[in-house]
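Here the structure comes first, spelled out in structure tokens, and everything after it is commentary.
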Amino acid sequence: MRRTLALAAAFCAAAGLFAQESVLLRFKYKKDDNYRILSTVREDVKVNGRLNHRAEIVSRVTITVTDVDENGVGTMDGTFMTSEKSTGAYGNERLGWGETFQSQYKRDGRGTFDIADSYFMPTIRDMPIFPEHPVKVGDTWTASGYEAEDLRREPLFIEKPFKVPFVAEYEYLRDEEGISSDAKHEKKTFQVISVKYNIFYEAPLPDDAWLLGDVPASTMGYSHRTIWWDNEKGQIDHADEQFRIVIESARGNRFDFSGTTHEEITEFTRTATEENLKDVQEKITQMGLRDVSVTKSENGLTISLENIQFKPDSAELTESEMAKIRKIAAILQAYPDNDLLVSGHTALAGTENARQQLSEARAESVADFLVGLGVREKNRVFTRGFGARVPIASNQTEEGKAKNRRVEITILDK
């Protein structure tokens, strides 16, 4: 009998059938923590059954925890920037600096939001929501959430977040060893969680809704998401999603969005400090870089390449400027957690439209060169053209024009 019991116990242990230790899944907040969410959506957009365009939408979010109360509820200040690259509509190859939204909200340890209707971001709220009790692999639960869609643009023109409720089904799938998404690349044990929900929502509309514009009448779809949760940190490390959302309007039009999402969440250190400013200035001097300066701004630490040289009437860098940017790349690689914004500026010459296009093209040229050097992945380098709208010197002298003809590389904090 003892031998039988011993064999049974050994078999159960080998098969992993003994009771597993449960874990209490919770968001954890710490005042003054900073983290970044980088989300990439690749979707097909159809209108009335026909492909309208394919889009890649990159959302870059920076969050600062401004307060944590006695119950562990965190207050967040967020900056949400979205950029879209489409084929079939625009054909743009570079991620331009898109719209920027500010947001402020509270979130408790289980994941529930407290956010005003004046904020459109984040889009998906109350997801994930964790149970009140500890869970183990194989456990399931359900919780309500909602999507807050931004439909202010043509053709829908909805002025407040369009809220679509759902009930999500959760399953704690497994524990999985992996490497963290941040620059530390630490070995971690992630709790892998499946989140699935279906949507069918009919918006309450007046009888004359069709007179209001092409407003949403019904919303259908699904989301299948897998989350790699870091319970030690109390935060998502990364997540993948497959989705499809179909909106039918009051005028009978059908808008179909389907695709995938990948997001990574990393902590980062703010660069715009006096210590970092001094350090970068010293490196610029040591490298013997001419016409290069560094300044602090609310967006981060900005390295300015004044009198930057391109081949005549083009955005093609000269060999001397390439050599200069190779040296600057070494400075940028000291801040691997922070994304980059490359801004182009011109002197006051030519038409406004020509100046704008040239500034954008030159910013893209420098960004592409940095990506080619391996400084950042392509989806972490953004560009923006200002034309001659932001001069730093007079355009009445050649010296002033040389200063205004510049490219700025910002190591982003926001």
Side-chain angles (χ1 to χ4, degrees), residues 38 40-42 53-60 81-100 289 291-292 297 299-333 335 338-392 401-412 414:
L38 191 65
T40 302
V41 177
R42 293 180 174 89
H53 65 278
R54 289 189 169 93
E56 179 177 293
I57 304 168
V58 174
S59 296
R60 182 185 181 278
M81 188 278 291
T82 59
S83 293
E84 181 172 342
K85 176 180 68 178
S86 299
T87 55
Y90 307 103
N92 194 5
E93 290 296 328
R94 169 59 55 189
L95 292 171
W97 188 261
E99 292 184 89
T100 301
L289 295 172
D291 298 321
V292 177
S297 71
N299 287 329
L301 208 60
T302 298
I303 299 171
S304 181
L305 289 76
E306 298 169 9
N307 195 27
I308 189 166
Q309 300 297 306
F310 294 88
K311 293 183 179 180
D313 300 319
S314 78
E316 187 177 349
L317 286 160
T318 64
E319 289 296 330
S320 61
E321 294 303 319
M322 289 182 187
K324 186 184 294 185
I325 294 170
R326 287 190 186 96
K327 292 181 179 180
I328 291 172
I331 298 174
L332 301 175
Q333 287 172 327
Y335 304 94
N338 299 72
D339 302 325
L340 304 177
L341 170 64
V342 182
S343 304
H345 301 264
T346 66
L348 191 61
T351 66
E352 183 177 349
N353 184 56
R355 293 193 298 267
Q356 179 63 31
Q357 290 183 0
L358 185 60
S359 67
E360 292 173 359
R362 289 180 169 177
E364 290 167 7
S365 179
V366 173
D368 286 338
F369 191 67
L370 290 170
V371 171
L373 292 174
V375 174
R376 295 291 191 279
E377 295 178 356
K378 189 173 182 178
N379 66 346
R380 295 187 56 199
V381 183
F382 302 87
T383 63
R384 194 172 188 179
F386 287 91
R389 297 194 302 276
V390 191
I392 58 173
K401 289 180 180 179
K403 285 183 173 293
N404 291 332
R405 189 169 55 247
R406 69 194 189 279
V407 168
E408 296 175 339
I409 304 170
T410 301
I411 307 168
L412 287 167
K414 288 187 177 181

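We count residues from 1, following the sequence as given.
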To the closest 0.5 Å, what do you measure between [atom1] ([X]) and [atom2] ([Y])?
X	Y	atom1	atom2	value
Asn379	Leu38	CG	CG	5.0 Å
Arg54	Arg42	CZ	CZ	13.0 Å
Gln356	Thr346	CD	OG1	8.5 Å
Lys378	Thr40	NZ	OG1	12.0 Å
His345	Arg384	NE2	CZ	9.5 Å
Asp291	Ile308	CG	CD1	10.5 Å

Are [X] and [Y] side-chain neighbours, meaning at least one heavy-atom pair lies under 4.5 Å?
X	Y	result
Val292	Lys327	no
Leu305	Val366	no
Leu301	Thr410	no
Phe382	Met81	yes
Asp339	Arg376	no
Glu360	Thr383	no
Leu340	Arg380	no
Ser304	Glu408	yes

Minimum heavy-atom distance between [X] and [Y], given as atom pair plus value:
X	Y	answer
Gly344	Ala363	N-CB, 3.6 Å
Ser359	Gly387	OG-N, 3.0 Å
Phe310	Thr318	C-CG2, 3.8 Å
Ala329	Leu373	CB-CD1, 4.0 Å

### Message
So, applying side-chain contact (heavy atoms from CB on, under 4.5 Å) with Ile409, which one of Leu370, Thr302, Leu341, Val381 is it?
### Response
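One option only clears the test, and that one is Leu370.
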### Exam field: side chain Arg406 to backbone Ala347, donor-acceptor pair closer than 3.5 Å
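Checked: no pair found.
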